[in-house]
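Reading through the structure tokens given below for one structure.
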Amino acid sequence: MPAVRLFHWRSAEAGPLIAKLRSAGYEAVYSRETEAPSVREIRDAAPVAIVIDLSRMPSHGRYVAAWVRGSKSIRHIPIVFVDGDPAKVEAIRREIPDALYTTQARLPAALKRAKPVNDPVVPKQMMETDPARTAAQKLGIREGAMVGLIDPPADYKKVLGKLPPGVVLEENPDRVRVVTLWFVHDPGEYEAALAARRALAAHSRLWILWQKGRRDGMNGNFIRQGALAMGLVDYKICSVDGVWSGMAFAVKKARR
């Protein structure tokens, strides 16, 4: 039975899609939203396609697609997007025109057409990069906001750019602020500090920022995996500037 790697952001709602795949003769390789796979896991599983559901949290789907296409060992695997808001789907289609776009009902037929991509389109950046939007707008920093900065780089004012009136920046604050920007510099230090930082997400808009293009494995997937393991869930991702990317996290709500 050929394997398909499935990405769906609500495990409680993934059942029908998994059932559809199985009834069509595919093994649905799926991890709960708290267990993001690594490039190696996807490569070793050798899926015939990567299926990404866009009906929930389409920004996550866009990020996963960019991550797949940015990873040399798996970028040839065909990507199949399922459902989603038409306008948002069209925006993704412009970025990755060689992916397949379908509905849940037509997914089996789409998978039959899916073939390894010989020269895949690698989007330069699918995160939020609208030049008309400032870093403050992307990060949700509003007029008069108290912003906490954890381990900021020396040039953090340049990174954040022009701020709304009345914004106060405080380095390593001793109290929780409305917005918290945690600049991560080292993978080991990040993992060691996650447990202590988790509480911030319950009372603040917690952004975890990392530098782009690093070769030590610290990328968006690494950041997300560590945070999810600590009971956090990401809900937004953006390109802060040419050097830093950011992902916003909240405490995952307990299921009733």
Side-chain angles (χ1 to χ4, degrees), residues 9 33-34 36 56-60 62-63 66 125-214 218-255:
W9 314 114
E33 62 264 28
T34 57
R56 289 283 192 171
M57 305 175 80
S59 62
H60 285 46
R62 295 175 74 241
Y63 167 71
Q125 187 57 261
M126 289 182 67
M127 292 184 292
E128 186 178 336
T129 57
D130 184 351
R133 288 174 60 81
T134 65
Q137 289 173 321
K138 296 175 186 178
L139 298 170
I141 299 175
R142 300 180 179 178
E143 182 175 346
M146 301 287 288
V147 181
L149 306 175
I150 299 176
D151 300 331
D155 64 343
Y156 70 82
K157 291 183 179 179
K158 178 181 178 182
V159 173
L160 297 178
K162 185 177 180 180
L163 297 172
V167 170
V168 176
L169 303 177
E170 184 177 354
E171 295 185 43
N172 301 309
D174 55 4
R175 291 184 296 172
V176 176
R177 298 307 184 189
V178 174
V179 178
T180 300
L181 308 180
W182 177 18
F183 292 84
V184 178
H185 305 274
D186 177 82
E189 292 178 1
Y190 168 67
E191 292 178 318
L194 258 175
R197 305 291 187 222
R198 180 184 182 279
L200 293 172
H203 307 286
S204 173
R205 180 193 290 263
L206 175 63
W207 283 92
I208 301 178
L209 292 82
W210 70 95
Q211 291 177 308
K212 304 173 182 177
R214 294 179 57 133
M218 194 166 73
N219 52 34
N221 193 52
F222 173 81
I223 294 294
R224 184 172 185 269
Q225 282 184 297
L228 291 178
M230 286 293 169
L232 298 176
V233 60
D234 55 304
Y235 60 90
K236 190 174 183 181
I237 185 171
C238 77
S239 175
V240 181
D241 69 353
V243 177
W244 293 89
S245 294
M247 196 176 293
F249 289 90
V251 175
K252 184 176 176 59
K253 295 181 180 179
R255 291 177 181 164

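Nothing fancy with the numbering, it's 1 onward along the sequence.
In this model, a donor atom of one side chain and an acceptor atom of the other lie less than 3.5 Å apart for H60 and D234. Side-chain contact check for S239 and K138: no donor-acceptor pair (N or O, by modelled atom type) lies under 3.5 Å.
Formation of a donor-acceptor pair under 3.5 Å by the T180 side chain with backbone atoms of G148 is not found in this model. Judged purely by atom type and a 3.5 angstrom limit, D155 has no side-chain atom pairing as donor or acceptor with the backbone of K158. For Q137 (side chain) and T134 (main-chain N/O), a donor-acceptor pair under 3.5 Å exists by modelled atom type. In this structure a side-chain-to-backbone donor-acceptor pair under 3.5 Å is present from N172 to D151.
Atom CG of N221 is separated from atom CG of L228 by 9.0 Å, given to the nearest 0.5 angstrom. Taken from CG in L181 to CG in L206, the straight-line distance is 8.5 Å, to the nearest 0.5 Å. If you take CE on M146 and CG on L169, they are separated by 9.5 Å, rounding to the nearest 0.5 Å. Here CG of L160 is found 8.5 Å from CG of L209. Values are rounded to the nearest 0.5 Å.
A heavy-atom distance below 4.5 Å is found between the side chains of E171 and P152. No side-chain heavy atom of P164 sits under 4.5 Å from any side-chain heavy atom of R142.
Taking Y235 as the reference, nothing meets the side chain to side chain donor-acceptor pair (under 3.5 Å) condition, with sequence neighbours excluded. Under the salt bridge (charged side-chain N to carboxylate O under 4.0 Å, His left out) criterion, E170 pairs with R177, sequence neighbours left out.
The shortest heavy-atom contact between V184 and W244 is O-CZ3, 3.8 Å.
Ring geometry, W182 versus Y190: the interplanar angle falls from 30° to 60°, so the pair is classed tilted.
Atom NE2 of H203 has 12 or fewer heavy atoms from other residues, nucleotides or ligands within 6.0 Å.
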